[in-house]
Amino acid sequence: MGDRGGPARVIDADNHYYEPRDCFTRFMASSHMEDAIRVQSTAAGDQVVVGDRPFTFLPDPFGEVRARPGALREKLRNLKAGMDPDRDPVMEPVQPAYVDRDARLSLMDEQGIDAALLFPTLGVCVEHFMADDPRRTSRTLAAFNRWVLEAWGCGGDGRIYGVPLVSLLDVDAAVAELAWLIDEGARCIHLRPGPQAGRCPADPVFDPFWARADEAGLTVAFHIAESGFNERYSTAWGEVANPPAHQQSAFQWTSFYGDLPIMQTLASLVFYNFFGRFPRLRVLSVENGSLWVPYLLAAMDKMKGMGRNGPWPGGYVAGRPSEIVREKVFVSPYHEEDIGTLVEAIGPRQVVFGSDFPHPEGLARPTEFRELLTGMSAADQDLVMGGNAERLVAARQ
């Protein structure tokens with residue numbers, strides 16, 4: 001599989017699937033079914049509920065018709081060219097490759113994709129709706145992870161790396177879940193950006209979890225998610241607490257969803273000496289874009305000095321924060337961004353390609369991402385298109 005255009009493998013670090021209706025219940029013990037995320041029939045249609053709380057972030061998350069891959073990009077292209085933005089069909093039935101592993105492998109062969117990290121569509125959006133219940137969160141994610149490994153696997157074939165979800169709300173449950181995932185061969189785990197249980201995810205209280213992850217040399221992915229920042233912060237400005245994803249205001253998109261959670265998460269990891277204490281761990285930012293990267297690096301370098309007399313919860317941080325990021329953090333940028341600016345900020349060895357396929361905001365043809373890497377050497381392009389991701393999923397000795 002590694003001979004397409006040379007020895008370098010093409011690895012898409014941001015692929016998705018669409019979940020079936022029973023993804024949270026198939027492996028949930030019947031005695032705990034009250035904790036499950038499930039679908040209820042109402043007079044207005046199907047309603048996804050988390051416990052007894054309606055899930056409002058994504059409309060119709062189990063729908064059989066979806067927007068086509070790349071549909072939004074095509075719409076914007078048409079608009080920019082002065083054409084009818086709706087000249088191309090937007091919706092299509094859910095294709096087998098979006099829900100079935102064998103069909104996905106065949107499609108990956110057609111697309112020239114050797115391997116992919118697969119993230120949920122719905123799964124990364126549900127934790128906010130049960131963040132007040134550690135037991136429910138742990139049971140729900142554990143059941144979901146068992147479905148992920150059954151349906152997609154976690155990379156044992158070297159091709160599809162289904163990324164399991166972990167929460168630190170209950171440390172003991174998280175440690176137990178992590179041990180099981182490591183035994184199953186997981187190379188990458190996902191945490192929701194933002195605080196965990198009212199603490200920085202690198203707070204020493206979570207050290208038993210991170211020590212085990214460090215021993216295994218895992219990659220920790222932070223995919224964009226419903227991190228609850230609208231409810232936590234935007235309401236102070238008079239905004240709606242929990243709007244559906246595509247009904248967020250422009251102010252919410254700019255200030256509370258996306259950039260802010262990942263910036264705060266990465267800054268907290270650096271300043272809590274996370275990478276000094278757990279040197280084998282790597283962090284991957286997925287679908288959070290990259291506009292914030294140069295600013296964050298400059299701000300952390302400056303503010304380390306400003307905070308020199310303050311507390312250092314994980315021990316004093318040696319070196320420049322920006323250099324820590326350039327060594328330990330990998331970033332998957334949006335395809336419409338200036339990738340050259342990101343490469344200049346963190347170097348070509350820390351940038352990974354992600355298509356967001358099959359979502360409408362992403363690329364319909366994932367390998368078109370290489371066309372965005374003009375000005376880079378062929379060797380650096382190969383790093384971005386797969387070499388860097390290969391390091392993230394490789395077993396550490």
*W312/Y316 under ring pair (Phe, Tyr, Trp, His ring centres under 6.0 Å): CA gap, chis, key distance, verdict*: CA-CA 5 Å; W312 297 93; Y316 183 75; 5.0 Å; yes
*Quick one: does W292's side chain get under 4.5 Å of S285's, heavy atoms only?*
yes
*N273 side chain to V317 main-chain N or O, any donor-acceptor pair under 3.5 Å?*
no
*Is the Y257 ring parallel, tilted or perpendicular to the F57 ring (thresholds 30°, 60°)?*
tilted
*When the aromatic ring centroids of F62 and Y18 are compared, is their separation below 6.0 Å?*
no
*For Y334, does its backbone N or O pair with a side-chain atom of E337 as donor and acceptor, under 3.5 Å?*
yes
*Test: R101 and E150 ion pair at under 4.0 Å*: no
*CG/D170 to CG/L141 distance, rounded to the nearest 0.5 angstrom?*
11.5 Å
*Are P69 and Q95 close enough that some pair of their side-chain heavy atoms sits under 4.5 Å apart?*
no
_Any heavy-atom pair between the side chains of Q196 and S167 that's under 4.5 Å?_
yes
*Is the backbone of A394 close enough, under 3.5 Å, to the side chain of R187 for a donor and an acceptor to pair up by distance?*
yes
_Polar side-chain atom of E344 near backbone of P294 as donor-acceptor pair, under 3.5 Å_ = no
*Please report the shortest heavy-atom distance between A241 and N230, naming the atom on each side.*
O-CB, 3.3 Å
*Atom pair CD/CD of E231 and E226 - distance to nearest 0.5 Å*: 8.0 Å
_Would the distance check show the side chain of R391 and the main-chain N or O of R349 forming a donor-acceptor pair, the cut-off being under 3.5 Å?_
yes
*Just say parallel, tilted or perpendicular for the rings of H223 and F119, cut-offs at 30° and 60°.*
tilted
*Between Y233 and F229, what is the ring plane arrangement, given parallel below 30°, perpendicular above 60°, and tilted in between?*
perpendicular
*P321: which of L266, L297, D301 passes side-chain contact (heavy atoms from CB on, under 4.5 Å)*: D301
*F274 and ring pair (Phe, Tyr, Trp, His ring centres under 6.0 Å): which partner among F271, Y272, F278?*
F278
_Test ring pair (Phe, Tyr, Trp, His ring centres under 6.0 Å) applied to F144 and W147, step by step_ = CA-CA 5 Å; F144 182 78; W147 171 80; 5.5 Å; yes
_For the backbone of E92 and the side chain of R68, can you confirm whether one donor and one acceptor N or O come within less than 3.5 Å of each other?_
no
*With R159, which of D102, D114, D109 fulfils salt bridge (Lys or Arg N to Asp or Glu O under 4.0 Å)?*
D109
*asked:* For L165, is there any backbone N or O sitting under 3.5 Å from a side-chain donor or acceptor partner on N145?
replied: yes
*Give a yes or no on whether Y295 atom OH has more than 12 heavy-atom contacts from other residues, nucleotides or ligands under 6.0 Å away.*
no
*So if you build clusters from Ile, Leu, Val, Met, Phe, Trp, Tyr with side-chain heavy-atom gaps below 4.5 Å, do I37 and L149 land together?*
yes
*Cluster question for you: counting only ILVMFWY and a side-chain heavy-atom cut-off of under 4.5 Å, with indirect links fine, are V393 and Y17 together?*
no
*Measuring from D12:CG to Q111:CD, what's the distance to the nearest 0.5 Å?*
8.0 Å
*What do the steps show when you test T219 against L117 for side-chain contact (heavy atoms from CB on, under 4.5 Å), and what is the final call?*
CA-CA 11 Å; T219 292; L117 274 67; over 6 Å; no
*asked:* Just so I know, are the side chains of V90 and P360 near enough to count as touching, which here means a heavy-atom distance under 4.5 Å?
replied: no
*Hey, is the main chain of M28 close enough, under 3.5 Å, to the side chain of R139 for a donor-acceptor pair?*
no
*Determine whether V351 and I224 fall in the same hydrophobic cluster, where Ile, Leu, Val, Met, Phe, Trp and Tyr are linked whenever their side-chain heavy atoms lie under 4.5 Å apart.*
yes
_Do the side chains of R280 and D214 get close enough for a salt bridge, i.e. N-O under 4.0 angstrom?_
no
_Enclosure of R199 CZ (heavy-atom neighbours >12, cutoff 6.0 Å)_ = no
*Might you confirm whether atom CZ of R53 has over 12 heavy atoms from other residues, nucleotides or ligands at distances under 6.0 Å?*
yes
_Please determine whether a side-chain nitrogen of the Lys or Arg among D382 and R370 lies less than 4.0 Å from a carboxylate oxygen of the Asp or Glu._
yes
*Is the closest side-chain heavy-atom distance between R192 and V124 below 4.5 Å?*
no
*Given side chains that start at C-beta, do those of L269 and F222 come closer than 4.5 Å, heavy atoms only?*
yes
_Side-chain touch L118/V148, heavy atoms, less than 4.5 angstrom_ = no
*Report yes or no: does R104 contribute a side-chain atom to a donor-acceptor pair with the main-chain N or O of W152 at less than 3.5 Å?*
no
*I346, L373: one ILVMFWY side-chain cluster at the under-4.5 Å cut-off?*
yes
_Derivation of the salt bridge (Lys or Arg N to Asp or Glu O under 4.0 Å) call for R21 and E64_ = CA-CA 11 Å; R21 295 167 73 95; E64 297 180 358; over 6 Å; no
*Validation row: H335, E368 side chains within 4.5 angstrom (heavy atoms)*: no
_Side chains of H359 and D356 only: does a donor on one sit below 3.5 Å from an acceptor on the other?_
yes
*Is the side chain of N388 donor-acceptor paired with the backbone N or O of V352 at a distance under 3.5 Å, no angle test?*
no
_Mutual orientation of the aromatic rings belonging to H246 and W253 [parallel < 30°, tilted 30-60°, perpendicular > 60°]_ = tilted
